[in-house]
Every structure is written in structure tokens, then in C-alpha cells.
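This report concerns only the one structure given below.
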Amino acid sequence: MKTLVIITGPTAIGKTKAAIETAKYFNTEIVSADSRQIYKELSVGTAVPSPADMESVRHHFIHTHSIHDSINASWYETEAIELLESLFLKYNTVVLTGGSMLYIDAVCKGIDIVPDIDPELRKNLKVQLEEKGLEHLRLQLKKLDQKYYQQVDLKNPARIVHALEVCLMTGKPYSSFRKAEPKKRSFNILKTALNCERAKLHTRINHRVDEMISNGLEEEALRMFPLRHLNPLNTVGYREFFEYFDGKISKVKAIELIKRNTRRYARKQLTWFRNDSEYTWFRPEEIKKLIKFIEITIQNQ
RNA sequence: GGUGCCAUAGCUCAGUUGGUAGAGCAACGGACUGAAAAUCCGUGUGUCCCUGGUUCAAUUCCAGGUGGCACCA
């Protein structure tokens, strides 16, 4: 039986190392579920696996696309499933690692299909949001999709805008596309995650950010500065430097904010993963125990 | 050694004419279906330094202690 082993956890916990050792043990390859490491233009700020790491085990979806490509969770689902189908022709076990919660869910459960959104429409709604306010969009949504209107977070512009996009694009309510039925996969899924005490995690995060700074994050961010409007650059580590380049904050402040925002990101990840009872948790130094657990679980399937 | 000032949340500080307290930052919890490292919602977490005194009641007033800072020797 084919098994997809998921190794996730908060940022900076040590997923890369655990995934590489696991993949080596099972003599297989790694599929990345990281919404930022996929971009070839980003390296320092996303802490991509090192060249040595990349050489020791074959990785997928690392530096394979450009920040100019339009990539999202649904696209990732399609691509990842296609890749996994082909990998499972060669391997019984494949490792999926990364911290992008929605991307992992896209592979495990799938995302309901909605039509592609015309970029002009998206832009238009963005302008409406800025000029006429959220309430204006909310009223439109109320008319077009009563059902979703009642369940959506009415204070969240991203949700309102997306629902409206779909309604206007298709002429059908957004809720009619939301099946929320997990898709069947042709492989088993084994979910594992790493975590440690919060104070330790914060120390790891702070160290990692300091490392990024000495590895040239500022220079990388400066190269990206002209492209700041692209969604992939709305990312911790870059946007704080953009503020610094704008003269809005000091460099010291920018670095402080990168640390804080990374901590908050880690917390958000933990909230998401904790909520999924299918995860079995390990400490970052328990890689051997993790591998043993995977081996035994696969045997018993 | 002497004198003065200070001691309240993780940090910086406010406050209580005596009725056990609140801001900013940090932190913490939650939502999440095509932007997800995105977007949004929520929450004070406290031996008010210690001991004794006055008082119905002390974080607040008084005394002593401890620690910190400043100045004088």
C-alpha cells in the first residue's frame, strides 16, 4: 500500500532535517508543501533547504516557479497530486513536508473547484473595497449569496472579495461550489508534526532570523523591492524590509518585527495543526522515534 | 557609611483622597476551501518587593528590612 508521510509543524522547528532523514531512511523523495520556498527568486528569507540538503534527497516544488507565476492552493493540489501519482509508481512511501497549512490540506482533502477569476475583476473589486468600503461589498454579497453571507466572517475583506469574485464570475452563488467533501486519494496519509516548548521555539525563531540577516536578507529584499506589489512578496521577512526601505521604520525595528511576525506565524500554524486530531506529535530531537513510528504504522496498515 | 528617590502584568509605566488595579508593547486563544508566511476575530495573564503597625478594611498611610538608582562623604 502506498503511503504519504506528512511531516509538518511551526516554522523553524526543524522540519527540513526530519524530512531528509526520514526520506533517506525510506529511500524516497520529498515533496515540499511550502507556499514560499517554491519561488526561485526567494532563498534567504524563506530558509530553503541548502544545496547539500537538495543533493542528499530529491526535492520537489523547491525553487521550481517564479514569483510572476500565479500559484495558489488549488493549483498546488492539482500539481502535487499529479506528481504523487507518478512518485508512487516508484516508491511505496513519499514524504511531504512544509508549513503551509492550506497546501497540506489541499493534498489531503482537496479544495472545491471554482472557475478561474479574471484578474480585471479582482482588481475592480479591490478598488471598490478601497473606495466604497467593506460594507458596500457585503451588501452585494448578501444579494448574490444569502447562504454564504450568513456563515462568512463579515469583517474579513479577503473572504468577502473572494466570494463576490466567484459570484460575479459565474453568475452562481459561491456557496454552490463549496461542497466541503473530502476527495478520495489513491494513497494512505500519515500525519506527523513537530513541536517543542514555546520558549524554545521562540529562541529558534530569533536565531533563524539573525541568521537570515547575516546571510543577506536585506540584499535579497532590496532586489525584490521593485516587485513588492506581487503577492508572493507579501511575506514575513520581506514586507518589513520594504517598510524600512520606505523610511517608515528603522532597520533595527524591521528586524524586531520580522521576529515578532515569525513568532505569530508559528502560533497560527500551531492553532491549525492542533485542531487536526489526526496528527501525531514529536519533538524535533526525536527523529529516530518519528521514523520508528512511521515504519510501524505503515507495517500495520 | 550618610541622605534622597524608586519598587505595581513578561517589559516600560499609570493609578487607587484606604474598599485587592489598567494602558502601550510583548504574549496567549480562535476562525480559515483558488492571496494562506495571506486575511480576519477575540483574551489581562498580577503575592501591587518582604515583615510588622494603625484601621472594619492596607497595594495605597507609618516603621523596619531587602534590592535598585542618584547625590554626599
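Labels below follow one simple rule: chain letters A, B, ... track the order of the sequence lines, proteins then strands, and each chain is numbered from 1.
Of the residues in residues 130-139 of chain A, not one places a heavy atom less than 4.0 Å from an atom of RNA chain B. For the segment residues 153-164 of chain A, residues with any heavy atom less than 4.0 angstrom from an atom of RNA chain B are, sorted by number, A/Asp153, A/Lys155, A/Asn156, A/Pro157, A/Ala158, A/Arg159, A/His162. At a non-hydrogen distance threshold of 4.0 Å, A/His202 from residues 199-215 of chain A come into contact with RNA chain B. Within residues 168-183 of chain A, the residues approaching RNA chain B are A/Tyr174, A/Arg178, A/Ala180, by heavy-atom distance under 4.0 Å. Scanning residues 230-262 of chain A for heavy-atom distances under 4.0 Å to RNA chain B yields A/Asn231, A/Asn234, A/Thr235, A/Val236, A/Arg239, A/Arg260.
With hydrogens and angles left out, the side-chain atoms of A/Glu240 and A/Tyr244 include no donor and acceptor closer than 3.5 Å. There is no side-chain donor-acceptor pair under 3.5 Å between A/Tyr103 and A/Glu77. Side-chain polar atoms of A/Ser100 and A/Asp34 form no donor-acceptor pair below 3.5 angstrom. A donor-acceptor contact under 3.5 angstrom links the side chains of A/Gln128 and A/His136, judged on distance only.
Cluster annotation: A/Val48 is not connected to A/Leu233 through the hydrophobic network of ILVMFWY side chains, with a link wherever side-chain heavy atoms come within less than 4.5 Å.
Secondary-structure annotation of RNA chain B gives the stems B:1-7 with B:66-72, B:10-13 with B:22-25, B:27-31 with B:39-43, B:49-53 with B:61-65, with a stem taken as at least 3 successive Watson-Crick or G-U pairs whose two distances both fall under 3.5 Å.
Within 4.0 Å (heavy atoms only), A/Tyr103 reaches sugar-phosphate atoms of the nucleic acid but no base atom. Residue-level contact check: A/Ile117 touches neither bases nor backbone, having no heavy atom under 4.0 Å from any strand. Using a 4.0 Å heavy-atom cutoff across all strands shown, A/Asp34 reaches at least one base atom of the nucleic acid. At a threshold of 4.0 angstrom between heavy atoms, the contacts of A/Arg263 are confined to the sugar-phosphate backbone, with no base atom among them. Among the protein residues, A/Trp75 comes within range of no part of the nucleic acid, since none of its heavy atoms lies under 4.0 Å from any strand.
What separates CZ of A/Arg264 from P of B/G42 is a distance of 15 Å, to the nearest Å. The interatomic distance linking A/Arg122 (CZ) with B/G34 (C1') rounds to 7 Å, in whole Å. If you take CD of A/Glu79 and P of B/G34, they are 18 Å apart, rounded to a whole angstrom. For the pair A/Tyr265 OH and B/U39 P, the interatomic distance rounds to 13 Å; values are reported in whole Å.
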| task | Go through the steps for A/His60 and A/Ser32 under the test side-chain contact (heavy atoms from CB on, under 4.5 Å), then give the verdict. | result | CA-CA 6 Å; A/His60 300 271; A/Ser32 164; over 6 Å; no
| request: Evaluate the criterion side-chain contact (heavy atoms from CB on, under 4.5 Å) for residue pair A/Leu201 and A/Arg263; output intermediate values, then yes/no. | output: CA-CA 8 Å; A/Leu201 178 62; A/Arg263 275 180 250 132; over 6 Å; no
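Distances shown here put every side-chain N or O of A/Lys268 at or beyond 4.0 Å from the OP1 or OP2 atom of B/C40. A/Arg198 has a side-chain polar atom (N or O) that falls below the 4.0 Å cut-off from OP1 or OP2 of B/G29. One finds a side-chain N or O of A/Thr271 lying less than 4.0 angstrom from the OP1 or OP2 phosphate oxygen of B/G30. Phosphate contact (OP1/OP2 of B/A38, side-chain N/O of A/Arg36, threshold under 4.0 Å): absent.
Between A/Leu96 and A/Ile7 there is no side-chain heavy-atom pair separated by less than 4.5 Å.
For the pair A/Asp112 and A/Gln269, both in contact range of RNA chain B, the more 5′-proximal nearest nucleotide belongs to A/Asp112.
Cation-pi geometry between A/Lys191 and A/Tyr279 is met: under 6.0 angstrom from the ring centre, within 45 degrees of the axis.
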